[in-house]
Every structure is written in C-alpha cells, then in structure tokens.
Undergrad: 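Below you'll find the structure I mean.
By convention in this document, chain letters (A, B, ...) are assigned in the order of the sequence lines, proteins followed by strands, and residues within each chain are numbered from 1.
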2 protein chains.
Amino acid sequence: MAALPSGLLGALDPTSDRAVFRQIADQIREAIDKGRFKEGAKLPSEAELVEHFGVSRMTVRNSISQLQGEGLVSSEHGKGVFVRPRPPVRRLASDRFARRHREQGKAAFTVEAEAAGSRPEVDSLEVKEERASQDISARLGSVRKVLSRRRRYLLDGRPVEFATSYLPLDLARGTQIAEPNPGPGGIYARLEELGRHLDHFDEEVQARMPSQEETKMLRLAAGVPVIHLVRTAYDSEGRAVEVCDTVMAADAYVLAYQLPAN
Amino acid sequence: MAALPSGLLGALDPTSDRAVFRQIADQIREAIDKGRFKEGAKLPSEAELVEHFGVSRMTVRNSISQLQGEGLVSSEHGKGVFVRPRPPVRRLASDRFARRHREQGKAAFTVEAEAAGSRPEVDSLEVKEERASQDISARLGSVRKVLSRRRRYLLDGRPVEFATSYLPLDLARGTQIAEPNPGPGGIYARLEELGRHLDHFDEEVQARMPSQEETKMLRLAAGVPVIHLVRTAYDSEGRAVEVCDTVMAADAYVLAYQLPAN
DNA sequence: TGGGCATACTCGTATAGACGAGTGGGCAAG
DNA sequence: CTTGCCCACTCGTCTATACGAGTATGCCCA
C-alpha cells in the first residue's frame, strides 16, 4: 500500500470538537473544491485513507458517505470513490412549448437534444385509460377518467426525466393522442387540431430527494435530488386540457423562466 | 425494553438477496407510507429495532441513515428518530414581482407571509460594495463593481431562504438602495423611481444538495435539497439592473410559473 | 495468440463492543 | 413546593474484525 501523495490531504486536529469523520470529510471536500482532486478523479482508497489518518475503516466510510450525501462524490463497487462529474445540463427555456417550435414537426425533446449534440431516446412508452387521481382530477377540472401517457427520456443513454401526461378521456379517446406515437408536433399539436387552441401553461416546480423507484428509473447517484414539475395546459376558453407530471434528475437540468414586470 | 407493538413492522426475509439494512429501511418506509407512523411520530428506538429484527445496532443505524438521506425521517440526539413533518410550503407565484403588488408599500415577503398567517422576519442584512464575480458581471453586462445586499428570510422563526442582490454600483450608490432599509416597495420600487422602468425578469432554477454553509444558514435537516434561483431584472431598454441569487430550503417552497403558448 | 484463471485490490455488509453527549423524568434535599 | 441532581434512555462517534462481491490485471496454459 503506497503512502498518499503528500499535500493532497492534511492532518486531523485532535484538539478539535469536530468529529473525526467530519474533519476527514472536510479535508476531502476542501481538496475537491481547490481542484486537488478533479472531476471524475479517483479518491484515495478507503485503505489509504485509513493509513493516512490513522483511524478505523468505518470512520473513513462514514466520511465518504457524508460526502456522497452532499452529492460531491460517488462510489463504485470494486473500482473506487470518484469525484462526481457535473453532467451537461439541459436548459429548459420558458418558450419551449411555443407554437412556433411546434410547427416543424419533431418533438421538442428530440430537436433540442440534437441541437445540443446529444443522442435523444424515448423509452418505456405506455398509454393507458385510467381513473384520475384526486390531484389530477382537481387540476383537470373534476374529470373522472383520463388517458395517461407515460414515457422516459434519455440523453446519450442516460435517463434524465420521466413524465406522465393526463388528458380528459372524452377529449383524447380515439384520436391520435391515444396512439403510442402522437405524430409530428406531439400531443399539443393534436390538441390544437381538435380545436383546442392552447392559451397558456401553468408550471409548479418542487425539489426533493427521489423515492426508491425514481432512483431506479433515473439511475440516480446518491446525493442527487429530483425536480418535480407539474404542468397544466389551458385552452383559450380556460379549460385545462392536459396535466403533465414530470420527474427530472436535478443535476441534468436548469429551468429558465421569464416573468413580466407588471 | 418493551417489545415493539406487533403489526407495525414485519420480519426480514433471510432468503432475499437484498441487504438486511435495506430490508429494514424498506419495512420502515412502507410503514410510514401506509400511515402506521404518522408525520412527526417517533420511530422505535435503535435498541428496539435491534431487538425486533435481531441485528446489530450499526445495521439498524445504517437503515435509518438511508431513510434520512431520502428525507423521510430525521433524528434528534437524545430524543429519537421522527417521521419528518412536511412543513407548510410557500407558493411563489410568477406574478409576485408585478408592479401592482409593489404600490402598496410593504415588502413582498412580508405581505405574503402575513396573508398566510405566518410571522415573517428578515435577518443578517448586510449591504456592501464589492467587485463583481465573473458570473454576476456577465449577467449584469460587464459591470465591474456592484452593490450587494445580503439577507435571510425566516417564517415563524424558521429560516427558509437567503438571498444576495447585486446592482451596478454606479446605479445604486448614494441612493436608498444602499441603505439597509430600502423603503416601501423594496429596491424594485426605488429602481423605478430612478427612472429604470422594469420590463421583465429572467429566472434560472436549479436544485442540488446544500453545501455545509447552506445547511447551517437554513438549519436544514438531512435529506433536504435546496433550490437555487438566480433572477435577473431588466429595464425597458433591455439593460440588466439587478441580479438576485437565492438559495431556498426546497421543502418550504413550490414555485409557480405561467408560460404563454405562443 | 487467445482464453481462462488466480490474485490483489476495490467497496459492501454485518457483528460486537465501548464510551460520549443530549434529554427528560423522577426523586431527594432544601 | 421548588430546586437541583441523578439516572435511564436516546442517538453520536469510534474501534476492530470478518467475510462477501465486483473489477482489473497479469500470468499461465492450451
């Protein structure tokens, strides 16, 4: 076992009140912040850290799990612990559903991804008729039965979001909206063809830690929250025509909005 | 040590591949989901769980730390582990900076909080002249020196967000904007009095786990992400007049936006 | 050359024990 | 009755050890 390259990590302060495992986490965090460990770089192994700091392995593991919770590092069984690289973020502009973007045909996700030089995929598409949950029903204006469209989006093979759209069943049944492939311009284009001129969207944004299932669906590393976005589409008569419930890997997105000042 | 009330938690499956500490976490998670432990309720103590599942204490602690990372529970030294109550969320509407809300005088935060029946406070106010960071400078349009206003907001004694506003120094120096109390309607009202008619705001929203300092400033429990919001205000000539960098406790907020459809 | 295996290194899981420190209730002394 | 202390219970920190499982590498043998 080779000694740690000197200068990478300092020593503990035995007189400090701060718990040893926190001091170790502090040292590593500082080393990452100062660039002594770069993005994607491998940290010293647990055994090396044990040696360097003269503590037991559980203490070192405790430090590392601290840093994992902060989203700073992620460990890979059999390989090591690595500084978590910041993946390229996808910027969602507030005009991304503007009609003009719809006219050309392709789905917004595909167009954007290809423009950014990524390979987009859509996955696990499922179209179903079901009873609306209380929340969805309220958002759609007391609708009982809905058509749900569930799908997952990937960029370069990495899942980044999954979403479920809910539409009033009497509106969507028998239309192309009920097909797996809703055609050029997506379901919003189909809604307008059905005479529902879209007026505006409401979006509600929250952030939280993922559930077990979300961690699996998005293959999330420890310490990565999700953004939960619920969008409701309204037609020009003020009727809600669609609710889209989206869960996104928070490290893959920045949402951009424009607000008027009056 | 009393036995656990039966029915609250099940047993382990020794034939399962799933790690014991995960199985225990699963059991507790399910019990919470199904309402067998309510919000704010105390979980069985570590000793009781050790007894119930017949495992060592470190294994139980591992399970609990798993649940903490998910934001489901939080532990309090000397008291126990509790199901994390969902605090009341503050809804930020996209018209919250509309001019009409400014005319009346009070700060937006105060008005909103009082309307919701909470006790608002503003804290650690600090006004400074400083050199703009690269990011802030870029957002303000190559401004070198800025006035920064830093403050923290609390609801019923709980810190929920802290924010720093940056304004071009040549714009703000010597005005009431440079005073700790910017007067009725806040700095946006002062900017308009200075002839800078506000046109719109850009907001960028990201979510991530908090840094050490943010955890302290917002007194965040484990497993609570932050929402990082950067707002830029533009006047009617398209000049950026303010950048506000805000970090919010994600469990205290839902952001609401309205997007036009064309 | 190519395939497969042994091996050494990585992190993952689990045990058992010890002591420290925060909290709250009950009891005893004033 | 009030005050203050002690104790029991809680989680926090740390050690030492053991074995399992995933990964990479190099060597040997076919």
Undergrad: Rounded off to whole Å, could you give me the CD1-to-C1' distance for the B:I24 and C:dG12 pair?
TA: 15 Å
Undergrad: A:E46 CD to D:dA16 C1': how many Å, rounded?
TA: 15 Å
Undergrad: To the nearest Å, give me how far apart NZ (A:K42) and P (D:dT23) are.
TA: 15 Å
Undergrad: Heavy atoms only: give me the nearest B:C244-B:A163 pair and the separation to one decimal.
TA: SG-CB, 4.1 Å
Undergrad: From C:dC11, D:dG12, D:dT13, pick the nucleotide closest to the side chain of B:H77?
TA: D:dG12
Undergrad: Among D:dC11, C:dT10, D:dA18, which nucleotide has an atom closest to any side-chain atom of A:R57?
TA: D:dA18
Undergrad: Less than 3.5 Å apart, any donor N or O on the side chain of A:R131 or A:S137 sitting next to an acceptor on the other?
TA: no
Undergrad: If you check every side-chain atom of A:S75, which of D:dT13, C:dA14, C:dG12 has the closest atom?
TA: C:dG12
Undergrad: Quick check: does any side chain N or O of A:R18 sit under 3.5 Å from a backbone N or O of A:Q23, one acting as donor and the other as acceptor?
TA: no
Undergrad: B:F53 CZ to C:dA16 P: how many Å, rounded?
TA: 17 Å
Undergrad: On DNA chain D, nearest-nucleotide positions of B:E76 versus B:M58: which is more 5'?
TA: B:E76
Undergrad: From C:dC11, D:dT23, C:dA21, pick the nucleotide closest to the side chain of A:K79?
TA: D:dT23
Undergrad: Can you confirm whether B:K216 is buried at NZ, in the sense that more than 12 heavy atoms of other residues, nucleotides or ligands lie under 6.0 Å from that atom?
TA: no
Undergrad: Does a side-chain N-to-carboxylate-O contact under 4.0 Å join B:R139 and B:D245?
TA: no
Undergrad: So, OP1 or OP2 of D:dA16: does either fall under 4.0 Å of a side-chain N or O from A:S56?
TA: no
Undergrad: Check this for me, if you would: do A:E214 and A:R208 make a salt bridge, where the nitrogen-to-carboxylate-oxygen distance has to be below 4.0 angstrom?
TA: yes
Undergrad: Given atom CG of B:L12 and atom P of C:dT13, what is their separation to the nearest angstrom?
TA: 15 Å
Undergrad: Specify the separation, in whole Å, of atom CZ of A:R22 and atom C1' of D:dT13.
TA: 10 Å
Undergrad: A:T59 side chain: which of D:dG12, D:dA21, D:dT15 is closest?
TA: D:dT15
Undergrad: Measure the acute angle between the ring planes of A:F109 and A:Y153, then classify it against the limits of 30° and 60° as parallel, tilted or perpendicular.
TA: tilted
Undergrad: Students often get this wrong, so: under 4.0 angstrom with heavy atoms, is A:R18 touching a base, only sugar-phosphate, or nothing?
TA: nothing
Undergrad: Where along residues 60-67 of chain A does a heavy atom come under 4.0 Å from DNA chain D, residue by residue in number order?
TA: none
Undergrad: Toward the 5' end of DNA chain C, which comes first, B:F21 or A:V81, by nearest nucleotide?
TA: A:V81
Undergrad: Could you check how far CG of A:L49 sits from P of C:dC9, rounded to whole Å?
TA: 16 Å
